[in-house]
Trainee: 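Before we start, here is the structure in question, set down as structure tokens.
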Amino acid sequence: GAGVSQTPSNKVTEKGKYVELRCDPISGHTALYWYRQSLGQGPEFLIYFQGTGAADDSGLPNDRFFAVRPEGSVSTLKIQRTERGDSAVYLCASSSQTRAFNEQFFGPGTRLTVL
Amino acid sequence: GENVEQHPSTLSVQEGDSAVIKCTYSDSASNYFPWYKQELGKGPQLIIDIRSNVGEKKDQRIAVTLNKTAKHFSLHITETQPEDSAVYFCAATYDQAGTALIFGKGTTLSVSS
């Protein structure tokens with residue numbers, strides 16, 4: 001079956017601009033996570049959705065970052081007033097609510113470059 | 001919070017040799033330890049995981065061991081092949097939905113033929 005998909009695969013923007021990154025989780029997966037991966041590092045947690053609600057947003061670095069999941073499926077990560085330090089690969093993962101454990105399946109990521 | 005250390009950062013082996021990557025974690029309550037393989041330009045792929053109720057798990061050429069007392073876990077790849085070349089990440093977390101994975105910094109494995 002289809003895995004997690006993310007669009008766009010690459011996004012280049014200028015400092016100060018607004019960007020939206022989209023994640024389409026595995027069909028039927030109610031849990032959705034966003035992570036950020038800087039060059040040479042492991043992914044770092046940003047936010048977790050269970051259904052439509054953000055159950056844990058403790059990883060969001062500041063209030064320029066926001067994410068939504070209005071219908072409990074597709075999620076959009078929104079970054080306002082982008083800064084050069086926001087440049088990274090943004091990864092989305094999903095997992096199944098029907099399983100008792102925490103297997104997370106990742107998408108290919110969106111590489112964001114802020115000039 | 002949880003902290004995961006991973007060693008080595010780079011590992012070069014000859015095809016057919018074994019490779020071992022080691023991780024340590026700090027939170028004794030962590031009970032789920034997945035390993036991911038990440039190829040260039042792709043997202044992390046779950047390759048094997050272990051829970052704290054077992055000490056070892058195998059899947060063909062890969063195996064993972066867990067020492068809860070020492071808070072160590074390791075990935076073992078036998079009979080390495082060039083297609084095993086990638087960055088490998090370990091992670092630690094609680095085995096419940098909604099808990100963030102805490103990753104190590106990764107190991108770049110190079111298998112030369």
Side-chain angles (χ1 to χ4, degrees), chain A residues 2-7 9-10 21 23-26 28-51 53-60 69 88-111, chain B residues 1-10 21 23-25 27 29-54 57 59 64 66 75 86-109:
Chain A
V4 177
S5 62
Q6 293 186 245
T7 55
S9 56
N10 282 282
L21 312 179
C23 171
D24 203 334
I26 293 171
H29 280 195
T30 57
L32 185 147
Y33 307 78
W34 284 98
Y35 290 81
R36 179 168 71 173
Q37 186 175 25
S38 300
L39 193 63
Q41 302 294 316
E44 294 180 326
F45 170 75
L46 295 176
I47 188 170
Y48 157 65
F49 286 89
Q50 182 57 260
D56 181 359
D57 64 357
S58 61
L60 294 178
R69 195 185 185 199
V89 175
Y90 289 81
L91 295 163
C92 176
S94 70
S95 65
S96 171
Q97 185 183 23
T98 60
R99 300 171 77 91
F101 37 92
N102 200 3
E103 289 183 346
Q104 297 183 26
F105 300 93
F106 283 83
T110 293
R111 181 175 298 279
Chain B
E2 176 65 275
N3 182 56
V4 177
E5 300 285 337
Q6 183 172 347
H7 300 279
S9 56
T10 60
I21 302 171
C23 291
T24 61
Y25 60 99
D27 185 352
S30 289
N31 58 358
Y32 176 59
F33 307 93
W35 286 87
Y36 287 84
K37 175 183 180 182
Q38 188 173 28
E39 297 176 328
L40 195 63
K42 297 185 178 181
Q45 175 193 4
L46 179 65
I47 57 171
I48 195 168
D49 56 18
I50 191 167
R51 292 170 174 82
S52 61
N53 58 342
V54 297
K57 183 177 179 180
D59 183 3
V64 57
L66 172 65
L75 178 71
V87 181
Y88 290 81
F89 291 96
C90 62
T93 189
Y94 304 141
D95 193 13
Q96 62 186 61
T99 310
L101 298 174
I102 306 302
F103 285 88
K105 291 189 174 183
T107 296
T108 300
L109 174 64

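Computed from a predicted model, the values in this text were never measured in an experiment. Labels below follow one simple rule: chain letters A, B, ... track the order of the sequence lines, proteins then strands, and each chain is numbered from 1.
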Trainee: Between chain B and each of A/G59, A/P43, A/A55, count heavy-atom pairs under 4.5 Å; write down the option with the most.
Mentor: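 Looking at each option in turn, the highest pair count goes to A/P43.
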
Trainee: Taking all heavy atoms of B/G98 and all of A/N102, pick out the closest pair and write down the distance.
Mentor: N-OD1, 4.2 Å

Trainee: Need one label for B/Y36: side chain, backbone, both or neither, based on atoms under 4.5 Å from any heavy atom in chain A.
Mentor: side chain

Trainee: Return the minimal non-hydrogen interatomic distance between B/P44 and A/G107, and the atom names on each side.
Mentor: CD-O, 4.5 Å

Trainee: Where do A/Q37 and B/F89 come nearest, in terms of heavy atoms and distance?
Mentor: NE2-CZ, 3.4 Å

Trainee: Tell me, for B/Q38 versus chain A, whether the close heavy atoms (under 4.5 Å) come from the side chain, the backbone, both or neither.
Mentor: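 It is the side chain, since no backbone atom gets that close.
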
Trainee: Do A/E103 and B/Y32 have side-chain heavy atoms sitting under 4.5 Å apart?
Mentor: yes

Trainee: With the side chain counted from C-beta on, respond yes when A/F45 and B/T93 share a heavy-atom pair under 4.5 Å apart, and no when they do not.
Mentor: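 Not touching, per the 4.5 Å side-chain cut-off.
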
Trainee: Of the backbone (N, CA, C, O) and the side chain (C-beta and beyond), which part of A/Y35 lies under 4.5 Å from a heavy atom of chain B, both, or neither?
Mentor: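 For A/Y35, the side chain is the part near chain B, not the backbone.
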
Trainee: Taking side chain as everything from C-beta outward and backbone as N, CA, C, O, which of these in B/K42 sits under 4.5 Å from a heavy atom of chain A? Side chain, backbone, both or neither.
Mentor: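 Backbone only.
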
Trainee: Is the shortest side-chain heavy-atom distance between A/F105 and B/L46 below 4.5 Å?
Mentor: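 Sidechains of B/L46 and A/F105: in contact.
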
